[in-house]
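The residues of the chain are indexed from 1 along the displayed sequence. Everything quoted here is computed from the prediction, not taken from an experiment. Hydrogens, waters and symmetry mates play no part in the numbers below; they use all other heavy atoms, side chains included. Indexing begins at 1, ligand by ligand and atom by atom, following the structure's order.
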Amino acid sequence: MDNVREQIEFDVLFVGGGPASLAGAIHLMKLAKTRGIDLEVALIEKGANIGSHALSGAVLNPIALKELIPDYMEAGCPIETDVRGDEFYFLTSTRHYGVPFVPKYMHNKGFYIISLSKFVSWLGSVAEGLGVNVFPGFAGKEVLYGQDDRTVIGVRTADKGVGKDNVPKANFEAGIDILAKVTVFGEGPRGSLLQAISKKLHIFDGKMPQVFETGIKEVIQLPGTNYFSDSQGNDIHTFGYPLGLNTHGGGFIYEMKENRVSLGLIVGLSYQDPMLDLYEEFIRFKRHPFVSKLIKGGRVIEQGARTIVSGGYYTVPKLAVNGGLFVGSSASMLNPPALKGIHTSMKSGMLAAEAIIEAFSKGSFTQETLSYDHKLEESWLKRELYMGRNFTQAISKKGLVKFFHIGAQYLTGGRGIFGKMPIEEDSKTLIPLRDVHSPRTKMYEKQAYDGVLFVDKLTGVYLSKTQHREDQPCHLIVHDLNLCVDTCFETYQCPCTRFCPANVYELEIDDKGRGRRLKLNPANCLHCKTCEIKDPYGNITWTCPEGGDGPGYTVV
Ligand SMILES: Cc1cc2nc3c(=O)[nH]c(=O)nc-3n(C[C@H](O)[C@H](O)[C@H](O)COP(=O)(O)OP(=O)(O)OC[C@H]3O[C@@H](n4cnc5c(N)ncnc54)[C@H](O)[C@@H]3O)c2cc1C
């Protein structure tokens, strides 16, 4: 296959078409123009279109957008609605209590509610208008290194048309080697190329482990008259039920235009109970009397899931290597207490663009010239990240003690009681089923689906418009299938069948109840990567399937 591989050369290559890369590419083109530097810039995105893999709440703090495109309104930025007011509730299993004090980092009044998918698609068109070569449908599969084996020189895209048997078929198209003086990695949470670089160049050495949450989200079409018709608050957050106080996370409901709402549940992946099923928890959230009243008469029009990088400041990796930079969620650029990563990712991309333009002026692309550490230190981005540096560590604590820590951090600008708090990798937090006092299984027994407002997992996958070409090598590598059905089954009852929100992993047991087999349905995969993060044995590796495959989000 290698001898037919085409090579294309650019000055700068952005990998991933999310807010981080797109803001970076736009800022870079503008800076290059002002300084009279001629740059050939490319951006690849694994989704079929820019925006088709973009999923978020999404309340947008416009601070970075205003810096990037000051006339964003005139330029057609797609905004759903303004945040009129914030509401914050504690939920018990049947009741809801308004929290009188909304912490300042959750004050969203004056921000915008957007569809990330539409927003990102618009940023893509702005980037193209400025001359960026935007290539959706191309997945970066492998990092290319120079002769020293340490300098990043580009990315190889995934082959297309290889069969399940690993044999190229009639429609085979070899991946392309896209070479660049500078490659910017903006793959979002748990970037697969970032993982590969990390193994080789140790960019996370000395850092706390990155930790994650998974959000399942829907856009629901409501009837003409609904809660938001006469409510001041159109940005609602909840905590408590269904997760309780030992599993962190919470719900959100945001008003969109045309009588739609964006509704989701976020679950911290540091949870302990192996029987916890992310999707069932999401349905329990929707069935809460307070929530179900808000969405009564509605119809789910799109669903999806995605992870959120939530470890914050202490988990930010080295920001550059020779020939490469890391931006956005891949590099932990999210403000955890505010649950916002769009503006922080955009800003990191913009700071990276400033470092890149300086590197071109100097003609040097080493780690030292490319690193944007010092720019980060001087920007509002550092202040935001630093303020939330201990937040996830605190909310991951069990029971009420978390509120004590959060309160202390609130009063001390994020320092809290002990200063730097440790955090544990999500793959290490499950406890063996035999040690769980009351596994959550029973809670899911009576859940019913009507196929309209309450849809089951497979209908959810259908509503995410996810598609993968069936005859291709499985992009989810389970290294040892026996480990799954023996040790993992006996200890945790195969938690992958519950933490995957898309039914990718199924346990099949024969009639006699003895023979067990893990069946994979990779075509359902939403690219959320929860499996690679939460698997207690590190037995699953998520790799990019063929470019153009995966979810087909348009409004989430
Ligand atoms: C449920 C949920 C709710 C959220 N709510 C909010 C909110 O209200 N406000 C807020 O500010 N933030 C919110 N966030 C966080 C926010 O969405 C992210 O922080 C932000 O999108 C990160 O931007 P990014 O560009 O780093 O990555 P992403 O948005 O993840 O984009 C990365 C892109 O890279 C592509 N890609 C990945 N790997 C490759 C590859 N190898 N080759 C080619 N392409 C690749 C992906 O397909 C994707 O399109 C939320 C997130 C979730 C999941």
Side-chain angles (χ1 to χ4, degrees), residues 13-24 43-64 83 106 108 111-114 116-117 119-121 123-124 135-143 155-158 178 184-196 212-218 235 237 249 251-252 254 262-267 282 304-310 326-336 338-346 348-349 526-530 542-545 547-551 553 556:
L13 168 66
F14 287 84
V15 181
S21 287
L22 286 162
L43 181 148
I44 57 168
E45 161 57 47
K46 66 180 162 60
N49 298 300
I50 299 293
S52 53
H53 289 186
L55 178 143
S56 174
V59 172
L60 174 72
N61 174 344
I63 179 170
V83 176
M106 294 191 72
N108 293 333
F111 293 171
Y112 300 123
I113 296 167
I114 57 169
L116 189 66
S117 177
F119 179 69
V120 156
S121 164
L123 285 179
F135 301 117
F138 286 86
K141 189 80 174 178
E142 205 182 309
V143 181
V155 155
R156 175 166 297 172
T157 65
I178 308 184
V184 185
F185 295 87
E187 301 173 276
R190 194 77 175 196
S192 42
L193 299 181
L194 190 87
Q195 294 304 306
F212 300 85
E213 296 160 351
T214 295
I216 303 180
K217 182 204 165 166
E218 286 175 346
D235 162 62
H237 288 99
F252 62 85
Y254 306 145
S262 155
L263 171 148
L265 181 76
I266 289 168
V267 182
F282 172 65
R306 187 120 176 82
T307 39
I308 302 169
V309 69
S310 57
F326 314 110
V327 295
S329 277
S330 275
S332 296
M333 298 291 169
L334 181 128
N335 177 338
L339 182 68
K340 285 188 192 64
I342 303 172
H343 67 292
T344 47
S345 290
M346 289 174 74
S348 71
L526 299 172
H527 296 202
C528 73
K529 307 183 185 171
T530 306
W542 193 97
T543 66
C544 281
D549 282 358
Y553 303 137
V556 291

Next on the checklist: Any atom of ligand 1 sitting under 4.0 Å from a heavy atom of Gly264?
Outcome noted: no
Checklist outcome for this item: Quick note on ligand 1: atoms under 4.0 Å from a heavy atom of Val59 include exactly 7 (C), 8 (O), 9 (N), 10 (C), 11 (O)
Checklist outcome for this item: The closest protein heavy-atom partner of atom 43 (C) of ligand 1 is Lys46 N, 3.3 Å
Item to check | Among Leu339, Val83, Leu60, side-chain contact (heavy atoms from CB on, under 4.5 Å) partner for Asn108 | outcome: Val83
Next on the checklist: I need the atoms of ligand 1 closer than 4.0 Å to a non-hydrogen atom of Pro189, numbered in the order shown.
Outcome noted: 30 (O)
Next on the checklist: Could you identify the single nearest non-hydrogen protein atom to atom 20 (C) of ligand 1 and state the distance to 0.1 Å?
Outcome noted: Gly341 O, 4.0 Å
Checklist entry - Given side chains that start at C-beta, do those of His53 and Val120 come closer than 4.5 Å, heavy atoms only? => result no
Item to check | Trp542/His527 under side-chain contact (heavy atoms from CB on, under 4.5 Å): CA gap, chis, key distance, verdict | outcome: CA-CA 8 Å; Trp542 193 97; His527 296 202; 3.5 Å; yes
Sequence neighbours left out, cut at 3.5 Å: what donor-acceptor pairs do the side chains of residues 184-191 make with other protein atoms?
{"unit_1": "Glu187", "atom_1": "OE1", "unit_2": "Leu193", "atom_2": "N", "d": "3.2"}
{"unit_1": "Glu187", "atom_1": "OE1", "unit_2": "Leu194", "atom_2": "N", "d": "2.9"}
{"unit_1": "Glu187", "atom_1": "OE2", "unit_2": "Ser192", "atom_2": "N", "d": "3.3"}
{"unit_1": "Glu187", "atom_1": "OE2", "unit_2": "Leu193", "atom_2": "N", "d": "3.0"}
{"unit_1": "Arg190", "atom_1": "NE", "unit_2": "Glu532", "atom_2": "OE2", "d": "2.6"}
{"unit_1": "Arg190", "atom_1": "NH2", "unit_2": "Glu532", "atom_2": "OE2", "d": "3.3"}

Next on the checklist: Tell me the nearest of Arg306, His343, Lys529 to atom 28 (P) of ligand 1, using heavy-atom distances.
Outcome noted: Arg306
Next on the checklist: At under 4.0 Å between heavy atoms, is it the side chain or the backbone of Leu116 that contacts ligand 1, or both, or neither?
Outcome noted: side chain
Checklist entry - Atoms of ligand 1 less than 4.0 Å from His53 heavy atoms? => result 47 (O), 49 (O)
Checklist entry - What distance separates Ile216 CD1 from Ile266 CD1, expressed to the nearest 0.5 Å? => result 10.5 Å
Checklist entry - Going by the atom numbers of ligand 1, which of them fall below 4.0 Å from some non-hydrogen atom of Gly186? => result 32 (C), 33 (C), 34 (O)
Next on the checklist: Does any part of the side chain of Thr157, heavy atoms only, come nearer than 4.5 Å to the side chain of Ile178, both counted from C-beta?
Outcome noted: yes
Checklist entry - Out of curiosity, is Pro19 lining ligand 1, as in a heavy atom under 4.0 Å away? => result yes
Item to check | Numbered atoms of ligand 1 (with element) below 4.0 Å of Ile308, judged on heavy atoms | outcome: 2 (C), 51 (C), 52 (C), 53 (C)
Item to check | Nitrogen or oxygen atoms of Ser329 and ligand 1 under 3.5 Å apart | outcome: yes
Checklist outcome for this item: atom 13 (C) of ligand 1: of Gly16, Gly304, Ser56, the nearest heavy atom sits on Ser56
Checklist entry - Does ligand 1 have any atom sitting under 4.0 Å from a heavy atom of Gly191? => result no
Checklist entry - Okay, side chain of Lys217, backbone of Ser56: is any donor-acceptor separation there less than 3.5 Å? => result yes
Next on the checklist: Looking at ligand 1, is there an atom of it that comes within less than 4.0 Å of some heavy atom belonging to Lys217?
Outcome noted: no
Next on the checklist: Do Ile342 and Phe119 have side chains that approach each other closer than 4.5 Å (heavy atoms only, starting at C-beta)?
Outcome noted: yes
Checklist entry - Do any nitrogen or oxygen atoms of Ala54 come within less than 3.5 Å of a nitrogen or oxygen of ligand 1? => result no
Item to check | Lys340 side-chain N/O to Ala338 backbone N/O, donor-acceptor pair under 3.5 Å | outcome: yes
Item to check | Under 4.0 Å to a heavy atom of Ala58 - the qualifying atoms of ligand 1, by number | outcome: 7 (C), 8 (O)
Next on the checklist: Out of Glu45, His237, Glu187, who is nearest to atom 49 (O) of ligand 1 when you count heavy atoms only?
Outcome noted: Glu45
Checklist entry - When you check the side-chain N and O atoms of Thr214 and Thr307, is any donor under 3.5 Å from an acceptor? => result no
Item to check | Those residues that, when tested against Glu218, pass salt bridge (Lys or Arg N to Asp or Glu O under 4.0 Å) (two or more places apart) | outcome: Lys286
Checklist entry - Quick one: does Leu13's side chain get under 4.5 Å of Leu43's, heavy atoms only? => result no
Item to check | Side-chain (Asn49) to main-chain (Gly51) donor-acceptor, under 3.5 angstrom | outcome: no
Next on the checklist: Need the ligand 1 atom indices (1-based, order shown) with element for anything under 4.0 Å from a heavy-atom of Gly17.
Outcome noted: 33 (C), 34 (O)
Item to check | The one among Ser348, Gly215, Gly140, Ser332 that brings a heavy atom closest to atom 40 (C) of ligand 1 | outcome: Gly140
Next on the checklist: Is the shortest side-chain heavy-atom distance between Glu142 and Val155 below 4.5 Å?
Outcome noted: no
Checklist outcome for this item: atom 31 (O) of ligand 1: closest protein heavy atom, distance to 0.1 Å, is Gly18 CA, 3.3 Å
Checklist outcome for this item: With heavy atoms and a 4.0 Å threshold, my read on which part of Cys544 contacts ligand 1 is side chain
Next on the checklist: Please check: side-chain N/O of Thr344 versus main-chain N/O of Gly341, any donor-acceptor pairing under 3.5 Å?
Outcome noted: yes
Checklist outcome for this item: Residue, atom and distance of the protein heavy atom nearest atom 3 (C) of ligand 1 read Gly57 N, 3.0 Å
Item to check | N or O contact, Ser330 vs ligand 1, cut-off under 3.5 Å | outcome: no
Next on the checklist: Out of all atoms in ligand 1, which are within 4.0 Å of some heavy atom of Leu334? Include the element for each.
Outcome noted: 15 (C), 19 (O)
Next on the checklist: Counting only heavy atoms closer than 4.0 Å, does ligand 1 sit against the backbone of Val15, its side chain, both, or neither?
Outcome noted: side chain
Next on the checklist: Any non-hydrogen side-chain atom of Pro136 less than 4.5 Å from a side-chain atom of Ile44?
Outcome noted: no
Item to check | Nearest-neighbour protein heavy atom for atom 27 (O) of ligand 1, which is reported as residue plus atom name and distance | outcome: Gly188 CA, 3.3 Å
Checklist entry - Once the angle between the rings of Phe252 and Tyr254 is folded into 0 to 90°, is it parallel (under 30°), tilted (30 to 60°) or perpendicular (over 60°)? => result parallel
Item to check | Under-4.0 Å heavy-atom contact with ligand 1, by part of Lys340 that carries it | outcome: both
Checklist entry - Judging by distance only, is a nitrogen or oxygen of Val327 under 3.5 angstrom from one on ligand 1? => result no
Checklist entry - At a non-hydrogen distance cut-off of under 4.0 Å, which region of Ala20 contacts ligand 1 (side chain, backbone, both, or neither)? => result both
Checklist entry - Side chain of Ser52, backbone of Gly47: donor and acceptor closer than 3.5 Å? => result no
Next on the checklist: I'd like to know whether ligand 1 has Ala331 as a neighbour, heavy-atom separation below 4.0 Å.
Outcome noted: no
